Amino acid sequence: GIGTIINVMKVEIPFSKKIFGKQLFIGSGLLSVMGTSFTFLPIYEIAIQSMKADGISGEEAYGKLLGTSMLCACLEIVFSLLPGKYIR
């Protein structure tokens with residue numbers, strides 16, 4: 001789908017060389033099949049059930065898990081911009 005097209009295109013991020021000292025790209029430029037993983041769903045179901053047992057509404061529990069996922073996605077983006085020597 002769209003994720004695969006973006007990954008294959010390897011688009012340069014404008015001004016990344018000035019900001020980070022190296023040219024950064026969106027996508028790897030390699031052909032690979034990307035898909036959605038649903039392995040997190042059983043964990044979400046158990047967590048939501050646990051929060052509901054503690055008196056939190058289902059909508060609020062889902063919102064908390066969605067917010068946590070969004071925050072972790074941003075953290076992955078930050079890690080992808082760090083030089084390899086700092087990640088090791």
Side-chain angles (χ1 to χ4, degrees):
I2 294 172
T4 302
I5 292 169
I6 292 171
N7 191 35
V8 171
M9 286 179 53
K10 191 174 182 179
V11 179
E12 291 183 4
I13 299 174
F15 308 110
S16 61
K17 190 162 188 163
K18 289 182 181 180
I19 297 170
F20 297 102
K22 64 178 181 176
Q23 184 63 51
L24 299 176
F25 301 91
I26 296 176
S28 65
L30 301 173
L31 181 59
S32 62
V33 177
M34 298 173 58
T36 306
S37 171
F38 294 102
T39 57
F40 65 92
L41 287 179
I43 298 166
Y44 268 37
E45 290 174 358
I46 292 168
I48 289 173
Q49 288 173 359
S50 176
M51 285 188 224
K52 286 172 79 174
D54 291 339
I56 298 173
S57 71
E59 287 181 359
E60 186 178 351
Y62 177 73
K64 288 182 179 194
L65 291 174
L66 186 62
T68 301
S69 296
M70 293 169 67
L71 181 66
C72 290
C74 292
L75 189 61
E76 287 183 22
I77 292 170
V78 169
F79 285 156
S80 73
L81 297 173
L82 291 174
K85 63 182 178 181
Y86 295 118
I87 296 174
R88 292 186 193 118

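Remember, predicted model here, so these are calculated numbers, not experimental data. The chain is numbered in sequence order, starting from 1.
To the nearest 0.5 angstrom, Leu75 atom CG is 9.5 Å from Ile77 atom CD1. Between the CD1 atom of Ile43 and the CD1 atom of Ile48 there is a distance of 12.0 Å, given to the nearest 0.5 Å. In this structure, the separation between CZ on Phe79 and SG on Cys74 is 12.0 Å, given to the nearest 0.5 Å. Rounding to the nearest 0.5 Å gives a distance of 12.0 Å between CE of Met51 and CD1 of Ile46.
The same ILVMFWY cluster, assembled from side-chain heavy atoms under 4.5 Å apart, contains both Leu65 and Phe38. Val8 and Phe25 sit in two unconnected hydrophobic clusters of ILVMFWY residues. Membership requires side-chain heavy atoms under 4.5 Å apart, directly or through other members. Cluster membership for Met70 and Tyr62, using ILVMFWY side-chain heavy atoms within less than 4.5 angstrom, is shared.
Among pairs with a residue in residues 60-80, those fulfilling salt bridge (charged side-chain N to carboxylate O under 4.0 Å, His left out) read Glu60-Lys64, at least two apart in sequence or across chains.
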Side chains of residues 13-24: which donor-acceptor pairs under 3.5 Å do they make with residues two or more places apart or in other chains?
from, atom 1, to, atom 2, distance (Å)
Ser16, OG, Ile13, O, 2.9
Ser16, OG, Gln23, NE2, 3.2
Ser16, OG, Leu24, N, 2.9
Gln23, NE2, Ile13, O, 3.1

